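To keep things clear, I will list the structure first and then write my remarks on it.
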Amino acid sequence: MPALTVKLPDGSPLELGDGATGADAAAAIGPGLARAALAIRVAGEERDLAAPLTDGEEIEIVTARSEGALDLIRHDAAHVMATAVCELWPGTKVSIGPPIEGGFYYDFEFPEGVSISDADLERIEERMLEHIKADESFERTDIPVDEALERFRGEDQPYKVELIEDLISNEGVETVSLYRNGPFTDLCRGPHAPSTGRIEAVKLSSLAGAYWRGDETRQMLTRIYGTAFFSKKDLKQHLERIELAKANDHRRLGPELGLFTFRDESPGMPFWLPQGTVLLRLVREKVDEQLRKRAYVEVKTPEVMDVDLWHRSGHYENYRENMYFAEPVERDRDEEDRRFALKPMNCPGACLVFDSSRHSYRDLPLRMAEYGHVSRFERAGVLHGLLRVRAFTQDDAHVYCTPEQIEAEVIDICEAIDELYATFGFEDVKLELSTRPEKSIGEDAVWEAAEAALASALAKQDREYQLNPGDGAFYGPKIDFHVTDALGRSWQLGTCQLDFQMPERFDLSYQGADNANHRPVMIHRALLGSMERFIGILIEHHAGRFPDWLAPVQAAILPVADRHLDAARKLLGQLEAAGVRGRVDERAESVGRKIRDAELSKVPYMLIVGDREAESGGGSVRSHDAGDLGEMSAADLAARITSGPEA
RNA sequence: GCCGGAGUAGCUCAGCUGGCAGAGCACCUGUCUUGUAAACAGGAGGUCACGGGUUCGAUCCCCGUCUCCGGCUCCA
């Protein structure tokens with residue numbers, strides 16, 4: 001008579017003896033699975049293989065092939081790393097070491113006077129490999145919290161003590177679990193693989209400072225990043241992918257392709273080069289199409305405005321540390337007391353525009369766009385190529401509407417963003433709904449209503465989103481649109497923010513059908529977010545090789561010899577007349593050389609013009625994608641290139 | 001801002017223990033007149049990020065500053 005029966009994923013029952021564990025279940029199914037088993041999953045929750053099973057449970061054996069298995073051994077690897085670090089630097093205080101996207105990390109506080117550098121990573125790695133080779137088992141013990149506290153206090157591990165204290169006060173736990181592998185024991189929820197030997201390949205990647213619990217007022221710990229895989233081959237592939245991603249980094253491609261550059265004279269503020277400025281214009285044209293289609297008007301407001309305005313808007317109180325202030329050396333007598341600031345946002349300017357004339361309810365929703373160049377002082381350490389700069393152009397707009405119109409407007413904005421991103425080839429876009437932050441203005445009830453309005457607009461569209469409590473703008477909640485860069489880092493692009501505060505502060509009103517004055521609601525929205533950031537992401541998304549319609553130079557015309565220059569220029573003239581962006585390579589170089597250079601500059605089409613083509617008036621076309629396409633006329637080529645993003 | 005790393009020609013990088021600053025590519029000049037990913041020769045190009053210190057002597061060692069890179073925090 002079996003003591004317990006569990007159910008397998010295919011629905012079949014498995015009978016096991018009394019006190020059977022996950023390992024026993026795996027062994028009962030087959031010896032191969034017993035060897036491959038890492039953990040079990042019961043109702044979506046992972047458990048140790050050594051954990052006892054209960055009668056009637058539905059279980060699944062987790063192996064290297066299971067979803068989430070990499071996280072499991074990466075978590076194992078974090079423990080092994082902590083083991084090695086504590087051995088190499090006795091007295092090191094450990095904190096937390098979770099698996100993350102692509103790897104794992106562990107945060108340490110090294111003993112007084114110890115500072116480690118990249119060179120130490122190799123030593124740690126070697127020590128880790130010894131522990132992995134020794135195939136030490138992970139052993140779990142559950143102990144009462146008092147005992148755990150006493151233990152970690154005795155070991156002078158204050159971070160562990162704090163974690164346990166929080167577990168007691170927040171979750172009311174009475175016992176905690178410890179995991180031991182070799183000489184190292186850690187407070188850990190688990191689960192872990194049976195032993196360290198399951199980590200086939202491990203690599204430490206970098207070193208970084210990280211505040212304890214992400215709080216910049218607290219101790220800075222030393223974080224070590226690494227990754228682990230089930231095979232050396234997987235690790236090698238992973239490292240190759242990272243290399244490839246680095247080659248696609250917009251900070252490398254941008255200057256290389258002549259798109260933009262940065263200079264020490266203005267840290268964090270990009271200089272757009274001729275090719276990049278073409279790109280900027282092309283991107284903007286796509287936004288313009290949306291503005292036309294969705295009945296926006298466009299305005300332009302000053303970059304420098306009186307500090308008084310920023311007091312009125314609340315920016316001075318809530319955003320001052322990010323603002324630049326501008327003072328003239330000399331000033332007129334009657335302006336002596338005036339101070340000015342560079343705009344960090346466009347909204348106050350937009351409100352002044354709204355306020356400059358009377359509005360009827362018939363005018364609403366009033367969709368007022370502005371390509372606004374804003375300046376924001378950002379801390380030096382956060383600057384990141386085009387993705388985080390100190391001056392950028394927003395494809396901004398402010399929609400003034402009635403509360404009843406909010407939902408339709410939010411939906412319209414989301415649709416505009418969808419269409420625009422699809423045009424540029426972005427598919428993996430994540431939405432986030434951010435609610436009231438600590439530093440903010442306005443009544444609670446108003447905030448709640450605004451948050452509810454955004455949530456309901458999202459629900460109407462059946463969109464998935466992540467909730468980010470406390471991450472809203474100081475004047476209202478927002479929906480953000482995120483995409484990732486070449487290295488997998490997520491960046492916010494578009495945004496849609498509700499604002500009941502600004503209309504109040506600027507005393508904005510429209511005249512209703514009832515002849516009375518009413519307060520409009522304001523929606524701040526940016527489709528691409530920042531043109532700079534968007535183009536940075538765009539460069540990485542296309543690895544610098546833009547689709548035909550978006551390439552700054554679409555056709556490189558390559559004369560074979562000097563005598564073909566005239567024919568080449570004539571061909572360029574025809575192409576330009578047909579709307580193609582082209583360039584003649586007039587250098588006295590070989591054709592092979594011109595082709596090579598054109599390929600490296602990622603021009604989609606090359607047109608070779610020699611004796612034959614000079615005669616016919618066309619060009620022999622070589623495309624990067626398809627190689628030699630044979631001879632084509634200027635008209636055919638123009639048709640091919642200018643067919644647009646839908647092609 | 002904080003932790004760790006880096007800064008040598010336009011770019012990618014050498015430069016030993018402190019002893020006259022180097023290469024390839026790019027650039028300029030000349031020759032070649034080229035047919036689908038690099039013709040040949042010559043030339044020019046440096047405040048070794050910046051400021052200070054140690055030293056007979058500093059690209060090299062020390063201190064400070066700036067910028068960049070990887071993170072943390074923050075954010076479009």
Side-chain angles (χ1 to χ4, degrees), chain A residues 105 107 109-110 115-121 205-225 246 249 251-252 255-256 261-268 319 321-322 344-345 372 374 376-396 434 471 473 478 480-482 487 489 491-495 497 524 526-534 536-537 558-565 587-600 606-613 620-624 627-630:
Chain A
Y105 69 80
D107 286 347
E109 184 188 335
F110 284 92
S115 152
I116 67 164
S117 71
D118 287 351
D120 296 308
L121 295 184
S205 51
S206 62
L207 216 51
Y211 300 105
W212 169 234
R213 303 209 138 171
D215 183 344
E216 73 176 311
T217 63
R218 303 199 64 179
Q219 177 72 32
M220 176 161 284
L221 307 174
T222 303
R223 175 172 298 179
I224 303 177
Y225 284 93
K246 277 185 186 161
D249 191 321
R251 290 168 298 180
R252 170 201 280 257
E256 218 168 82
T261 190
F262 283 92
R263 302 273 316 191
D264 284 357
E265 286 83 349
S266 187
Y319 206 73
E321 61 273 26
N322 285 296
M345 295 187 195
V374 295
R376 300 181 183 178
F377 176 76
E378 302 285 358
R379 292 150 110 187
V382 308
L383 301 175
H384 186 95
L386 288 182
L387 303 187
R388 189 74 184 273
V389 293
R390 284 179 173 158
F392 57 101
T393 305
Q394 290 181 310
D395 62 327
D396 209 355
S434 300
D471 239 11
K478 57 179 186 166
D480 291 328
F481 295 76
H482 292 248
L487 291 165
R489 291 174 287 219
W491 295 91
Q492 180 191 320
L493 298 180
T495 185
Q497 317 181 344
H524 306 238
L527 304 178
L528 306 180
S530 131
M531 306 293 282
E532 283 75 4
R533 177 178 287 180
F534 185 79
I537 292 283
L558 315 178
V560 173
D562 289 357
R563 65 177 178 280
H564 308 120
L565 269 174
R587 296 174 305 167
E589 293 288 353
S590 65
V591 174
R593 173 51 171 273
K594 290 175 184 173
I595 288 169
R596 179 184 149 82
D597 288 347
E599 286 283 1
L600 290 176
M606 282 148 272
L607 284 82
I608 289 114
V609 177
D611 290 333
R612 287 197 304 275
E613 294 80 6
S620 281
V621 181
R622 175 192 162 107
S623 96
H624 167 73
D628 198 340
L629 297 178

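We name chains A, B, ... by the order of the sequence lines, and we start the count at 1 in each one. As the structure is a computational prediction, the values presented were derived from the model and not from experiment. Atoms considered below: every heavy atom in the structure, side chains included; atoms not considered: hydrogens, waters and symmetry mates.
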Nearest-0.5 Å distance that lies between atom CE in A/Met606 and atom CG in A/Asp597: 11.0 Å
Paired nucleotide for B/G70 [Watson-Crick or G-U wobble; both distances under 3.5 Å]: B/C3
A/Asp471 CG to A/Gln492 CD distance, which is reported to the nearest 0.5 Å: 9.0 Å
Length of the NE2-C1' vector between A/His624 and B/U36, whole Å: 14 Å
A/Gln219 CD - B/G1 P separation (whole Å): 20 Å
Protein-nucleotide distance (A/Glu589, atom CD; B/A37, atom P), rounded to Å: 15 Å
A/Asp107 bridged to A/Arg223 by N-O distance under 4.0 Å: yes
Under 3.5 Å: donor-acceptor pair, side chain of A/Arg388, backbone of A/Leu383: no
Worked check of side-chain contact (heavy atoms from CB on, under 4.5 Å) between A/Arg251 and A/His384: CA-CA 8 Å; A/Arg251 290 168 298 180; A/His384 186 95; 3.2 Å; yes
Atom-to-atom span, CG of A/Leu558 to P of B/G35 - whole angstrom: 13 Å
Touch class at under 4.0 angstrom, heavy-atom based, for A/Arg612 against every strand present: base
Summary of protein contacts for nucleotides 67-76 of chain B, nucleotide by nucleotide, where a base hit scores B, a sugar-phosphate-only hit scores S (4.0 Å, heavy atoms): SSSBBBBBBB
Shortest side-chain distance from A/Arg622, nucleotide among B/U36, B/C27, B/U33: B/U36
Nearest-Å distance for atom pair CG/C1', residues A/Leu565 and B/U34: 12 Å
Atom-to-atom span, CD1 of A/Ile595 to P of B/A38 - whole angstrom: 9 Å
Salt-bridge contact A/Arg379-A/Glu216 (side-chain N to carboxylate O under 4.0 Å): yes
B/G71 and B/G10, which share atom name C1', separated by this distance in whole Å: 30 Å
Between B/A38 (C1') and A/Leu600 (CG): distance, integer Å: 9 Å
Comparing A/Thr222 and A/Asp611 on RNA chain B - which has the more 5′ nearest nucleotide: A/Thr222
